[in-house]
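Worksheet for the structure shown next.
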Amino acid sequence: MIEINNGIIKTVRSLGVKKYRDEEGLFVAEGTKCVRDTWGNFNCRWLICTRAWHDRLANATMHDKIVLASNQQMARMSQFNTPSEVIAVYELPHYSVDDAEVRSNLNIVLDNVQDPGNLGTIMRLADWYGIHNIFASIGTVDVFNHKVVQATMGAISRVKVHYCDLEQLLDHYGNLPVWGTFLDGDNIYSTQLESKGFVVFGNEGQGIGAKVARKVTKRLLIPAWPHEGGGSESLNVGVAAAITISEFRRADLMTTKNATKRHG
């Protein structure tokens with residue numbers, strides 16, 4: 001076991017700020033479920049827990065990482081109003097982009113999505129529908145923000161988020177279709193969708209920015225009901241992403257079924 005000290009407490013507390021996450025090369029996962037969902041998928045620096053948590057749930061694979069802390073010390077390090085009994089401190093992963101994987105699959109692009117809950121929801125969605133790569137603008141909320149980590153419900157262990165210049169990204173893969181949701185797009189339910197390319201979702205208040213919008217080759221609309229509108233002005237980006245990606249996967253399923261019938 002590692003002995004708790006003020007240096008550890010100060011470091012863990014600082015990880016609530018992106019600047020310090022980048023400087024330290026660390027991020028936190030807090031709470032039993034979050035730790036269980038992420039354990040073994042990232043290099044662990046410390047597993048900080050109360051004696052009660054340790055005696056109930058710790059196992060041999062955690063032993064050399066464990067730092068015992070009092071409830072008061074946990075409260076000083078916690079990012080939440082009600083402190084948990086365990087905090088895992090992980091090293092930030094460094095991802096590379098598999099060009100062949102990107103070219104042969106569906107990928108999500110996020111243009112300045114700000115809300116941690118929305119990013120977490122979209123990552124869970126990607127994980128559910130077998131999407132392995134999300135490309136995000138530099139202005140998108142940090143994936144290692146503790147609220148995002150919690151909201152992913154473990155998807156952060158399987159879905160990679162790459163921060164990059166989106167215009168350069170889409171230019172690099174210029175032969176792939178780029179889909180985006182707009183209020184003046186083609187009805188998603190009557191549009192032929194493909195199994196590879198990029199699907200862009202924009203900022204909660206302003207949608208897809210003008211520069212990225214110019215790179216979109218196929219504009220989609222999720223129609224309101226009734227069609228003349230009169231309801232909400234727009235959909236939450238997480239909801240819009242769920243509807244859109246579900247339609248892409250439904251199209252994949254129908255294509256597979258039709259191909260099976262032709263060759264059956």
Side-chain angles (χ1 to χ4, degrees), residues 93-113 118-141 143 152 155-156 158-204 206-223 235 237-260 262:
H94 298 284
Y95 299 132
S96 58
V97 177
D98 184 329
D99 196 68
E101 181 181 57
V102 171
R103 291 185 182 278
S104 59
N105 289 281
L106 198 63
N107 308 275
I108 289 174
V109 174
L110 302 179
D111 186 18
N112 288 332
V113 170
N118 284 335
L119 177 54
T121 295
I122 292 169
M123 291 181 70
R124 288 177 67 184
L125 171 73
D127 192 28
W128 184 262
Y129 283 113
I131 295 173
H132 305 297
N133 293 288
I134 294 176
F135 295 91
S137 64
I138 303 303
T140 295
V141 62
V143 64
T152 69
I156 195 170
R158 294 172 291 277
V159 177
K160 299 176 182 178
V161 178
H162 312 276
Y163 289 84
C164 61
D165 183 302
L166 297 185
E167 292 175 88
Q168 292 181 10
L169 168 79
L170 299 175
D171 283 342
H172 177 73
Y173 294 101
N175 60 326
L176 289 178
V178 180
W179 310 80
T181 52
F182 297 87
L183 294 177
D184 62 349
D186 296 324
N187 189 323
I188 191 171
Y189 301 121
S190 56
T191 300
Q192 184 174 349
L193 305 175
E194 300 175 38
S195 61
K196 58 186 178 181
F198 298 94
V199 186
V200 185
F201 301 101
N203 175 269
E204 290 85 348
Q206 301 174 357
I208 299 171
K211 292 181 179 179
V212 176
R214 284 196 287 270
K215 303 296 181 182
V216 172
T217 57
K218 306 191 181 214
R219 298 166 74 96
L220 298 172
L221 166 70
I222 300 171
L235 291 172
V237 65
V239 173
I243 294 169
T244 303
I245 299 303
S246 178
E247 280 301 299
F248 272 89
R249 289 313 193 210
R250 187 176 70 86
D252 285 347
L253 179 62
M254 295 305 297
T255 299
T256 301
K257 283 184 175 180
N258 291 336
T260 302
R262 286 196 301 269

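Only a predicted model underlies this, so the values are computations on that prediction, with no experimental measurement involved.
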Pi-cation contact, Phe182 with Arg219 (under 6.0 Å, within 45°):
yes
Measuring from [X]:[atom1] to [Y]:[atom2], what's the distance to the nearest 0.5 Å?
| X | Y | atom1 | atom2 | value |
| --- | --- | --- | --- | --- |
| Ile131 | Ile245 | CD1 | CD1 | 4.0 Å |
| Asp111 | Asn203 | CG | CG | 7.5 Å |
| Asn105 | Lys196 | CG | NZ | 9.5 Å |
| His162 | Ile134 | NE2 | CD1 | 9.0 Å |
| Thr181 | Ile243 | OG1 | CD1 | 10.0 Å |
| Arg158 | Thr152 | CZ | OG1 | 8.0 Å |

Asn133 and Val97: side chain to side chain contact (heavy atoms under 4.5 Å, CB included), yes or no, with the steps? CA-CA 8 Å; Asn133 293 288; Val97 177; 5.6 Å; no
If every non-hydrogen atom of [X] is compared with every non-hydrogen atom of [Y], which pair is closest and at what distance?
| X | Y | value |
| --- | --- | --- |
| Leu193 | Ala251 | CB-CB, 4.0 Å |
| Ser137 | Tyr163 | O-CD2, 3.4 Å |
| Val200 | Ile208 | O-CD1, 3.7 Å |
| Pro223 | Ile188 | CD-CG2, 4.4 Å |
| Gly238 | Asn118 | N-OD1, 4.2 Å |
| Ile108 | Ala126 | CD1-CB, 4.1 Å |

Run the salt bridge (charged side-chain N to carboxylate O under 4.0 Å, His left out) check on Asp252 and Arg249 step by step: do they pass? CA-CA 5 Å; Asp252 285 347; Arg249 289 313 193 210; 3.0 Å; yes
Hits for salt bridge (charged side-chain N to carboxylate O under 4.0 Å, His left out) against Glu167, two or more places apart or cross-chain, chain-then-number order -> none
Answer yes or no: is there a side-chain heavy-atom contact under 4.5 Å between [X] and [Y]?
| X | Y | value |
| --- | --- | --- |
| Leu170 | Val212 | yes |
| Val143 | Ile156 | yes |
| Phe248 | Tyr129 | no |
| Arg103 | Asn175 | yes |

- Message: For Lys215, is the NZ atom crowded, meaning more than 12 foreign heavy atoms sit under 6.0 Å from it?
- Response: yes
Assess the residue pair Ile222 and Thr244 against the criterion (side chain to side chain contact (heavy atoms under 4.5 Å, CB included)); give the C-alpha distance rounded to whole Å, side-chain angles, the decisive distance to 0.1 Å, and a yes or no.
CA-CA 8 Å; Ile222 300 171; Thr244 303; 3.5 Å; yes
Looking at Gly197, is its backbone amide N or carbonyl O close enough to the side chain of Asn107 to form a donor-acceptor pair, meaning the two atoms are under 3.5 Å apart? yes
### Task
Mind telling me whether Phe198 and Tyr173 have parallel, tilted or perpendicular rings, with 30° and 60° as the class edges?
tilted
With sequence neighbours left out, the residues meeting side chain to side chain contact (heavy atoms under 4.5 Å, CB included) with Ala241 are Ile122, Leu125, Phe201
